[in-house]
Amino acid sequence: MTSKTSRRVAPIIALLVISLGLIVLISVFRQDDNLSIISPATSIPSTVSIQATPIPAVLTGETSYDFHVSQDQLQIALYQLEAEAHSIGWTAQSHIRAGNLWRDMGDLGRALPHWEAAILEEPSPNLLRQIAAIYLERGEWSIAWERIQVLLDLAPNNAWGLYHGGMIIAPSDPTVAFGYLGRVAVLDNDFAPVAQMVLDAIGDTQTSSDVILRVGIELARAEEWSLAENAFQYASDLYYPFAEATAYVGFMRILQGKNGENAITEAIMLDSTNPDVHYIAGIYWRSAGDFSRSEASLIDAIILDPNNPTYHAELGNTYRAMGNFLDAEVWLQTAVIVSNDDPLFVAERNDFYENAPLDRTQTVIGLAPDSELAQEIDPSALSASGWASHVRGDSASGLALIEQALIIDPDNPRALFDKARVLLETNRTEQALPLLQQVADGNSVFAGLAQGLLEREQ
């Protein structure tokens with residue numbers, strides 16, 4: 001079930017991750033460690049814990065709150081507020097001001113209780129939106145949902161509340177989400193296009209792993225990282241073990257500046273033979289700046305499914321991020337070949353040509369194996385070009401390029417590995433096995449992959 005689903009969605013999210021930058025966790029809607037569906041709630045906590053700031057014994061000089069704020073004396077302004085509250089008690093306005101001061105001083109953890117206390121006194125749609133947004137960023141989706149319900153009680157047509165409420169509830173109750181997002185889609189607001197895309201993803205409104213993954217993909221495309229994490233986490237829990245969804249959880253976390261390594265590791269443990277899991281891991285590690293692990297994961301994905309152009313393109317993007325432009329060109333071109341000149345991959349390759357500082361004398365695609373230039377280039381890149389020719393359907397020319405790479409460097413692990421793969425796929429298993437064993441006995445990134453092929457063939 002999950003493999004077919006993931007094959008459909010992987011190319012979609014690949015378009016997202018190509019242009020990603022690092023942007024800025026809890027399980028979805030759990031109570032007592034049991035999965036539950038969020039139900040509408042319109043109440044807020046009756047008590048809020050606020051940590052007081054020590055009040056100095058003497059406040060000297062001008063004691064006007066506005067004066068201290070105008071002078072950027074935020075700590076003194078906070079002392080002033082707390083001194084007044086000590087005397088006459090807190091009001092909704094003083095709580096809002098105190099929360100704003102803590103926010104401006106970079107401490108949302110101490111701002112939030114003040115704002116929560118303010119909405120107990122005087123509920124405000126704007127303040128409720130601000131509070132809900134913080135819980136969304138934290139990944140505390142059930143609390144965000146509760147605050148949004150209060151917001152919508154006060155302002156039933158608030159587009160922000162309808163949009164985010166619908167997105168939070170979409171994984172667990174598509175029918176309710178359909179009502180929320182349907183209202184957003186017909187309003188003249190910035191949320192309407194994404195709301196419509198998610199409505200299309202929900203489709204028949206029946207909860208399924210496929211629906212939840214589609215919702216998560218659309219939210220990721222819209223760069224709604226926290227909401228996408230919510231969708232993938234819900235799918236991971238509800239349909240456990242669901243390796244792809246678990247891997248996507250880790251990916252969404254890294255895009256928010258969080259650590260998603262545990263989710264990536266768990267996903268691989270759940271299904272180590274799923275190429276999409278290794279693909280997502282490769283994107284995760286590249287986003288985390290660990291290019292070696294990104295390369296290894298994407299190669300794993302290619303070995304498991306060599307006909308998926310997305311994997312080749314993302315390996316090229318990892319090499320590009322590393323500054324290895326020669327290998328980047330080879331794998332981006334390979335993606336074009338494998339995809340039968342899909343315009344999406346052609347555009348990606350062309351972007352590379354336009355923007356990468358590539359020495360054109362070092363290109364290898366289409367070189368004859370006996371050319372002088374071919375003998376001067378990196379044998380690993382030449383071998384990769386040979387593999388690309390094989391994938392394109394010209395195994396004889398591809399093998400010739402790989403053989404040329406082995407003339408340059410007889411022990412080159414990539415060339416040995418590529419030759420073994422061509423031999424395997426052209427029914428020459430007996431010739432391939434010694435090459436795989438040679439690679440498996442080495443220390444290159446291809447050793448584990450070669451060992452996996454040996455185990456499969458023997």
Just wondering, do [Y] and [X] contact through their side chains at under 4.5 Å, heavy atoms?
X	Y	answer
Phe232	Leu213	yes
Leu127	Ile131	yes
Val194	Met167	yes
Trp225	Glu229	no
Ser209	Glu244	no
Asp107	Met105	no
Ile283	Thr318	no
Trp102	Leu108	no

Discussion item. Quick check: Phe251 with Tyr284 (ring centres under 6.0 Å apart)?
Written reply: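 They do not qualify: ring centres at least 6.0 Å apart.
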Item to complete: Please confirm whether His278 and Tyr311 have ring centers closer than 6.0 angstrom.
Response: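 Centroid distance His278-Tyr311: not below 6.0 Å, so no.
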What I want to find out is whether [X] reaches [Y] closely enough, with some N-O distance under 4.0 Å, to be called a salt bridge.
X	Y	result
Arg214	Asp210	yes
Arg320	Glu329	no
Glu295	Arg286	no

Grab the two heavy atoms, one from [X] and one from [Y], that are nearest each other, plus how far apart they are.
X	Y	value
Ala170	Val215	CB-CG1, 4.2 Å
Ile119	Ser124	CG2-N, 4.4 Å
Ala235	Ala245	CB-CB, 3.9 Å
Ala313	Leu332	O-CD2, 3.5 Å
Arg110	His114	O-CD2, 3.4 Å
Ile264	Ala281	CG2-CB, 3.8 Å

Do the side-chain N and O atoms of [X] and [Y] include a donor-acceptor pair separated by under 3.5 angstrom?
X	Y	result
Glu224	Tyr163	yes
Ser226	Trp141	yes
Thr273	Asp271	yes
Asp153	Gln149	no

Could you tell me the separation between the [atom1] atom of [X] and the [atom2] atom of [Y], rounded to the nearest 0.5 Å?
X	Y	atom1	atom2	result
Ile96	Gln93	CD1	CD	5.0 Å
Thr334	Trp331	OG1	CH2	5.5 Å
Thr310	Tyr279	OG1	OH	5.5 Å
Ile337	Asp342	CD1	CG	13.5 Å
Asp200	Glu218	CG	CD	8.0 Å
Asp351	Glu348	CG	CD	8.0 Å

Worksheet item: Would Asn317 and Phe352 count as a side-chain contact (heavy atoms from CB on, under 4.5 Å) if you check the C-alpha gap in whole Å, the side-chain angles of each, and the deciding distance to 0.1 Å?
Response: CA-CA 9 Å; Asn317 285 327; Phe352 169 81; over 6 Å; no
Practice prompt. For side-chain contact (heavy atoms from CB on, under 4.5 Å), just list the numbers for Leu181 and Leu162, CA-CA rounded to whole Å, side-chain angles, deciding distance to a tenth of an Å, and then say yes or no.
Written response: CA-CA 7 Å; Leu181 298 176; Leu162 290 169; over 6 Å; no
Check: [X] side chain, [Y] main-chain N or O, donor-acceptor pair, under 3.5 Å:
X	Y	value
Arg183	Pro156	yes
His390	Gly386	no
Asn230	Ile168	yes
Gln256	Met252	yes

Practice prompt. Could you check whether the rings of Phe242 and Tyr239 sit parallel, tilted or perpendicular, using 30° and 60° as the cut-offs?
Written response: perpendicular
Worksheet item: When the ring planes of His95 and Trp90 are compared, do they come out parallel, tilted or perpendicular, using 30° and 60° as the limits?
Response: parallel
Discussion item. One pair to check against side-chain contact (heavy atoms from CB on, under 4.5 Å): Trp387 and Arg414. What are the steps and the verdict?
Written reply: CA-CA 10 Å; Trp387 173 251; Arg414 173 175 286 178; over 6 Å; no
Worksheet entry | Trp115/Asn100 under side-chain hydrogen bond (donor to acceptor under 3.5 Å, both in side chains): CA gap, chis, key distance, verdict | CA-CA 8 Å; Trp115 290 332; Asn100 292 345; 3.2 Å; yes
Worksheet entry | CA sep, side-chain torsions, deciding dist, call: Ser297, Ser294, side-chain hydrogen bond (donor to acceptor under 3.5 Å, both in side chains) | CA-CA 5 Å; Ser297 295; Ser294 176; over 6 Å; no
Practice prompt. Could you walk me through whether Arg253 and Gln233 pass the side-chain hydrogen bond (donor to acceptor under 3.5 Å, both in side chains) test, one step at a time?
Written response: CA-CA 11 Å; Arg253 287 177 179 169; Gln233 183 68 67; 3.3 Å; yes
Practice prompt. List the steps and the verdict of side-chain contact (heavy atoms from CB on, under 4.5 Å) for Gln196 and Phe191.
Written response: CA-CA 9 Å; Gln196 187 59 57; Phe191 301 113; over 6 Å; no
Worksheet item: With sequence neighbours excluded, what pairs up with Arg349 under the salt bridge (charged side-chain N to carboxylate O under 4.0 Å, His left out) test?
Response: none
Discussion item. Run Asn262 and Glu266 through side-chain hydrogen bond (donor to acceptor under 3.5 Å, both in side chains) and show every step you take.
Written reply: CA-CA 6 Å; Asn262 288 343; Glu266 181 184 358; over 6 Å; no
Practice prompt. Please say which of Val198, Asn157, Asn189, Leu199 ends up in a side-chain contact (heavy atoms from CB on, under 4.5 Å) with Val184.
Written response: Asn189
Worksheet item: Around Met269, counting heavy atoms of other residues, nucleotides and ligands shown, do more than 12 lie under 6.0 Å from its CE?
Response: no
